[in-house]
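Just so you know, ligand 1 is whichever comes first in the structure, and atom 1 is the first atom listed for that ligand.
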Amino acid sequence: MSTGIRCMMMRGGTSKGAYFLAEDLPADPAERDDLLLRVMGTPDPRQIDGIGGAHPLTSKVAIVSPSERPGVDVEYLFLQLGVEEPTVSDKQNCGNLLAGIGPFAVERGLVAAGPRRTAVRIRMVNSDSIATAEFATPGGAVGYDGGTAISGVPGTAAPIVLSFEDTEGSACGALLPTGNVRDVVDGVEVTCVDNGMPVVVAAASDLGVTGYEDPADLARLGDRIQSLRLAAGKLMGLGDVSDASVPKTTLVAPPRDGGAICTRTFIPLRVHASIGVLGAVTVATALLMDGAVGHDLARLPAPGAPMGIEHPTGRLDVEVELGGASVRRAGVVRTARKLFDGTVFPRRSL
Ligand code: NQM
């Protein structure tokens with residue numbers, strides 16, 4: 001009989017993933033990754049023999065452990081698993097699964113809950129940056145129910161307030177990794193930016209689309225996007241990104257639903273049903289910069305007000321404040337939900 005592993009499945013924001021305590025997984029990264037691929041059912045477009053949901057947004061893993069750093073409660077390592085390809089990448093962060101980390105840490109007894117609300121300081125290992133998650137813990141237990149709706153998720157749930165620190169240059173080492181606010185890459189004007197997620201921002205019209213299409217209608221741009229991000233990845237110091245999940249590419253167009261900008265995001269080649277959290281924070285950061293692609297297309301709110309990043313299934317409101325050429329503050333509200341807690345049985349071999 002195969003050995004089971006303790007695992008909690010959670011929806012974090014608009015993504016879904018398997019959450020583990022680090023102590024429940026092999027310490028050796030190669031052994032761990034092999035196991036996680038078998039848990040998810042990768043490689044297989046349907047992930048039929050695993051718990052993955054046949055999409056990058058549902059093929060995600062969060063690994064949590066207590067932190068030994070002063071002022072930090074837990075360490076969160078995010079792994080993006082491939083669906084068709086047997087890849088496991090720690091090169092990007094995930095602000096959506098992040099929404100489940102505080103609740104998971106309380107559920108597993110890593111953090112003691114307050115009587116009404118709990119704040120958990122989380123080190124995001126992938127980017128070596130800190131996020132604070134604040135959420136309801138009525139009576140000392142996580143309260144998942146509430147009245148907050150987020151686009152892309154049916155119904156409402158309890159809000160989880162995420163505040164970010166030091167997200168600038170998360171993977172590239174600099175907010176503007178090419179050193180420029182605007183470059184011409186592969187014949188297209190782009191802004192390459194990283195405030196938590198490496199993103200190539202381009203005007204939808206420069207790629208011959210409106211930016212308001214359904215995700216399925218944009219799949220045809222796959223080859224064009226790949227050639228753009230391969231060239232941009234090199235300029236951003238990410239090297240050969242042909243098998244990497246970053247940089248993402250976000251096509252921007254003027255807002256049409258009361259937000260600041262309309263977006264369609266490739267992660268890195270499939271079109272996102274909404275937009276990633278740190279992806280949205282990063283795009284919002286670019287919009288605030290004079291000369292950046294999208295700055296002139298955006299309808300910017302009053303300073304300090306949330307910026308509505310429109311996406312295919314609604315809108316994600318993010319808060320970003322710049323101080324000169326650096327980021328002073330960034331935050332977002334998400335929800336999360338425990339879906340099941342139990343033992344997962346990976347298949348025997350890849
Ligand atoms: O940008 C998708 C998601 C993400 C990542 C992706 C994310 C983020 O929607 O912080 O959350 O860009 O691959 O979960």
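- Salt bridge status for R123 with D128: present, with a side-chain N to carboxylate O gap under 4.0 Å.
- When every heavy atom of G323 is checked against every heavy atom of R328, the shortest pair comes out as CA-NH2, 3.5 Å.
- L21 has its side chain within reach of R6: a pair of non-hydrogen atoms, C-beta onward, lies under 4.5 Å apart.
- Contact of the L77 side chain with the M124 side chain is not registered, since no non-hydrogen atoms from C-beta on lie closer than 4.5 Å.
- In this structure, S274 OG and E310 CD are separated by 13.5 Å, a value rounded to the nearest 0.5 Å.
- Grouping the Ile, Leu, Val, Met, Phe, Trp and Tyr side chains by contacts below 4.5 angstrom, directly or via other members, places V120 apart from V161.
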Check ligand 1 for N or O atoms under 3.5 Å from a protein N or O and list each pair with its distance.
{"from": "ligand 1", "atom 1": "1 (O)", "to": "V277", "atom 2": "N", "distance (Å)": "3.3"}
{"from": "ligand 1", "atom 1": "1 (O)", "to": "L278", "atom 2": "N", "distance (Å)": "3.1"}
{"from": "ligand 1", "atom 1": "1 (O)", "to": "G279", "atom 2": "N", "distance (Å)": "2.9"}
{"from": "ligand 1", "atom 1": "9 (O)", "to": "N96", "atom 2": "ND2", "distance (Å)": "2.8"}
{"from": "ligand 1", "atom 1": "9 (O)", "to": "H272", "atom 2": "NE2", "distance (Å)": "2.6"}
{"from": "ligand 1", "atom 1": "10 (O)", "to": "G95", "atom 2": "N", "distance (Å)": "2.6"}
{"from": "ligand 1", "atom 1": "10 (O)", "to": "V277", "atom 2": "N", "distance (Å)": "3.3"}
{"from": "ligand 1", "atom 1": "10 (O)", "to": "L278", "atom 2": "N", "distance (Å)": "2.6"}
{"from": "ligand 1", "atom 1": "11 (O)", "to": "G95", "atom 2": "N", "distance (Å)": "3.3"}
{"from": "ligand 1", "atom 1": "11 (O)", "to": "N96", "atom 2": "N", "distance (Å)": "3.1"}
{"from": "ligand 1", "atom 1": "11 (O)", "to": "N96", "atom 2": "ND2", "distance (Å)": "3.1"}
{"from": "ligand 1", "atom 1": "11 (O)", "to": "V277", "atom 2": "N", "distance (Å)": "3.3"}
{"from": "ligand 1", "atom 1": "13 (O)", "to": "K248", "atom 2": "NZ", "distance (Å)": "2.8"}
{"from": "ligand 1", "atom 1": "14 (O)", "to": "S15", "atom 2": "OG", "distance (Å)": "2.6"}
{"from": "ligand 1", "atom 1": "14 (O)", "to": "K60", "atom 2": "NZ", "distance (Å)": "2.7"}
{"from": "ligand 1", "atom 1": "14 (O)", "to": "N96", "atom 2": "ND2", "distance (Å)": "3.1"}

